[in-house]
Amino acid sequence: MKSSFRWYGAGDPVTLENIRQIPGMRSIVSAVYDVPPGEAWPEESIEAIAKACAAHGLVFDVVESIPVTEEIKLGRPERDRHIANYCESIRRCAKYGVKCVTYNFMPVFDWTRTQLDRLAPDGSTSLVMYWEQLKGLDPLTDDIHLPGWDASYTQDEVRELIRAYGELGEEGLWKNIEYFLKKVIPVAEACGVTMALHPDDPPYPIFGLPRVVTCEANLDRYLAIVDSPANSLCLCTGSLGCSTKNDIPAMVRKYSAKKRIGFMHLRNVKILEDGSFEESGHWSPAGSLDMNAIVKALVETGFEGWFRPDHGRMIWGETGKPGYGLYDRALGSAYLSGLIEANGGRVER
């Protein structure tokens, strides 16, 4: 397995110098952040990331993410132009050594939380979603700005998108997913790139939006649309794991055995009685997921792809991008590498 770490570029307070000091660290997961969604990424921007990583003894070989625009998801007139640019971005990334591209098909919002700095008894803070804080809110009538929502949208634009997705429905979204995959996966295959689909976060409908990347049956349906190793999963244990309906170790074992996981996001989550959840430390007893069983499934099925410690808490007084500080993610990386070694696996250098 290949250990990796998310890096948000030159402005990230977590530097490449910091990341290179994490034991066993190999790969950087990053993206071009200054290009509007739907436009092709400039080669010089991709090359600059690759060179910066190489200068620190690291490899830029995973992109997270090339955004799938609302025009693509909704099947609007700009869809074909955006898909053509998407394919060109894949080609350009491959030219500079990228082997895996993560993306998602979540309508409007990449993820939903109600608070980014929930204070735990030990003094750490983390991301949470409490149903009580969502109760009574209606984005069609109320001015709502939840964490994770694209701040570039006005409230009226959010309302228009929610109405459009309501008319589209789940089957309409599935049709647009199929259209996208049949255009993009052949390009990825030709470039030697694995497309890794991130599940919906959380994996159930919110505000009536259709969300389909939520469970085993729907993952099966997604992978069957184009039955290719290039059409794989970014299996996020925390996203799928905040639903008690998903048996995460069993799902990891199944899709890893089928060689349909390109990238693993490994994190723990504590599920509360009402279905709310709190992001926790990676250590198994800190949350509701058995991280050792998850890693054991990867080792025993011969997983050779990338993994990264996903969201961490903010600890030891660290400030920065919520979920993406250095300290707790570095602890998580070391913990996960230890589980891999204890289960007979190997972290590739």
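What's counted below: heavy atoms across the whole structure, side chains too, no hydrogens, waters or symmetry copies.
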Are Lys254 and Asp220 close enough for a salt bridge, meaning some N to O gap below 4.0 Å? yes
So do Trp174 and Val212 actually touch side chain to side chain, heavy atoms under 4.5 Å? yes
Set out, in order, the CA-CA distance, both residues' side-chain angles and the distance that settles side-chain contact (heavy atoms from CB on, under 4.5 Å) for Cys236 and Arg267, then state yes or no. CA-CA 8 Å; Cys236 178; Arg267 64 178 169 91; 4.0 Å; yes
Does any part of the side chain of Pro229, heavy atoms only, come nearer than 4.5 Å to the side chain of Thr194, both counted from C-beta? no
Under the side-chain contact (heavy atoms from CB on, under 4.5 Å) criterion, do Ile185 and Ile225 qualify, and how do the steps go? CA-CA 10 Å; Ile185 297 302; Ile225 292 171; over 6 Å; no
Salt bridge or not for Arg26 and Asp61, using N-O below 4.0 Å? yes
May I ask you to decide if Gly57's main-chain N or O and Arg20's side chain share a donor-acceptor pair within less than 3.5 Å? no
Are Glu39 and Arg81 within salt-bridge range, i.e. N to O under 4.0 Å? yes
Would Ser228 and Glu189 count as having a side-chain donor-acceptor pair, cut-off 3.5 Å? yes
Heavy-atom closest contact (Thr237 atom, Leu289 atom, distance): O-CD1, 3.4 Å
Short N-O contact, Glu160 and Arg76, less than 4.0 angstrom: yes
Answer yes or no: is there a side-chain heavy-atom contact under 4.5 Å between Val187 and Arg91? yes
Pro199 to Ser239 - nearest heavy-atom pair and separation: CG-CB, 4.0 Å
What distance separates Ile248 CD1 from Met291 CE, expressed to the nearest 0.5 Å? 10.0 Å
Salt bridge between Glu178 and Lys175, side-chain N to carboxylate O under 4.0 Å? no
Starting from Ile340, can I reach Leu298 by hopping between I/L/V/M/F/W/Y residues whose side chains sit under 4.5 Å apart? yes
Short side-chain to backbone donor-acceptor contact, Glu318 and Leu326, under 3.5 Å: yes
Scan for salt bridge (charged side-chain N to carboxylate O under 4.0 Å, His left out) pairs involving residues 120-129, sequence neighbours excluded, and state none if there are none. Asp122-Arg313
Any pair counted as ring-ring contact (aromatic ring centres under 6.0 Å, His included), so long as it reaches residues 116-143, sequence neighbours left out: Trp131-Tyr204
Between the side chain of Asp12 and the main-chain N/O of Trp7, is any donor-acceptor distance below 3.5 Å? no
Less than 4.0 Å between a side-chain N and a carboxylate O, is that true for Arg113 and Asp201? yes
So, the side chain of Ser333 versus the backbone of Arg329: is there a donor-acceptor pair under 3.5 Å, distance only? no
Would you say Tyr327 and Asn18 are linked by a side-chain donor-acceptor pair, where the criterion is simply a distance under 3.5 Å? no
For residues His311 and Tyr324, is any side-chain donor paired with an opposing acceptor at under 3.5 Å? yes
Residues that Glu47 engages under side chain to side chain contact (heavy atoms under 4.5 Å, CB included), provided they are two or more places apart: Lys51, Tyr96
Under 3.5 Å: donor-acceptor pair, side chain of Asn246, backbone of Gly241: no
Can you see which heavy atom on His282 is nearest to which on Tyr335, and at what distance? O-CE2, 3.4 Å
For Arg163 and Glu167, run salt bridge (charged side-chain N to carboxylate O under 4.0 Å, His left out): C-alpha distance rounded to whole Å, both residues' side-chain angles, the deciding distance at 0.1 Å, then the answer. CA-CA 6 Å; Arg163 291 189 186 99; Glu167 294 173 4; over 6 Å; no
Begin from the C-alpha positions of Tyr86 and Phe180 and carry the test ring pair (Phe, Tyr, Trp, His ring centres under 6.0 Å) through to its verdict. CA-CA 10 Å; Tyr86 200 103; Phe180 173 79; 5.2 Å; yes
Can a salt bridge be assigned to the pair Arg253 and Glu216 using a cut-off of 4.0 Å between side-chain N and carboxylate O? no
